[in-house]
J.: 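Sharing a structure, written as C-alpha cells. Questions coming.
Each ligand, and each atom within it, is numbered from 1 in the order the structure gives. None of the values given here were measured: they were computed from a predicted structure.
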Amino acid sequence: MTAAAPTRPRPEPSWLTEEFWAAARRHELVRPRCRACGTSFFTPQVACPSCLSEDWAYAPSSGRGTVYSATVVHRAPFPGLDTPYQVAIVDLEEGWSMLANIVDAPTAPTPIGTPVEVCWIDVDAELTLPAFRPVA
Ligand SMILES: [Zn+2]
C-alpha cells in the first residue's frame with residue numbers, strides 16, 4: 001500500500017465566507033462592502049473595520065488592481081503546495097486588497113505597481129480559487 005500524495009489545503013467556507021466561495025465558483029470576485037459607510041474590506045468579518053457596523057453585503061469587484069507587495073515561496077509551509085509559487089497583496093480598484101497567488105508572471109516576484117487582473121483556478125467541482133495575473 002502506498003500513501004496518498006498530499007493534497008492542497010482547502011478553505012472551509014463558513015456563514016461569513018460561503019457567498020464569497022460560491023461567487024468564486026461562478027468566476028465572480030466579490031468583497032464585503034459596508035452599507036453604513038461604503039468601506040470595502042477583506043477578509044470577511046462580522047463588523048466593518050472602519051465603522052463597526054454589522055450591516056454589510058457582498059458587492060462585485062472588477063477584479064482589476066495593482067501589486068502592493070509580492071514574494072516567491074520556495075519552501076511551502078505544509079505539504080500539498082508545489083513550489084516555487086508567488087504570493088502577493090493586490091490592491092483592487094474599489095479600494096480593498098486581498099492576498100492571493102500570482103500566476104502566469106514573466107518575472108517573480110512581480111514588481112510593485114504591476115497592473116493585474118483576477119483569474120481562476122478550478123481545483124474541482126466544489127472549489128475555485130481566485131488568483132491574479134499581470135495584465136498584458
Ligand atoms: Zn462601515
J.: Is it true that S40 and R31 share a donor-acceptor pair across their side chains at a distance under 3.5 Å?
T.: yes

J.: Tell me the protein N, O or S atoms under 2.8 Å from the Zn ion (ligand 1), in chain and number order.
T.: C34 SG, C37 SG, C48 SG, C51 SG

J.: Test side-chain contact (heavy atoms from CB on, under 4.5 Å) on L92 and F132; report intermediate values, then the result.
T.: CA-CA 11 Å; L92 280 299; F132 289 86; 4.0 Å; yes

J.: Filter on ring-ring contact (aromatic ring centres under 6.0 Å, His included), then keep only pairs touching residues 59-80, sequence neighbours left out; what's left?
T.: none

J.: Which residues satisfy the side chain to side chain donor-acceptor pair (under 3.5 Å) test with S61, sequence neighbours excluded?
T.: E94

J.: How would you list all residue pairs meeting ring-ring contact (aromatic ring centres under 6.0 Å, His included) that involve residues 94-124, not counting sequence neighbours?
T.: H27-W120, F42-W96

J.: State whether R64 and E117 are salt-bridged, where the test is any N-O pair (Lys NZ or Arg NE/NH1/NH2 against Asp/Glu carboxylate O) under 4.0 Å.
T.: no

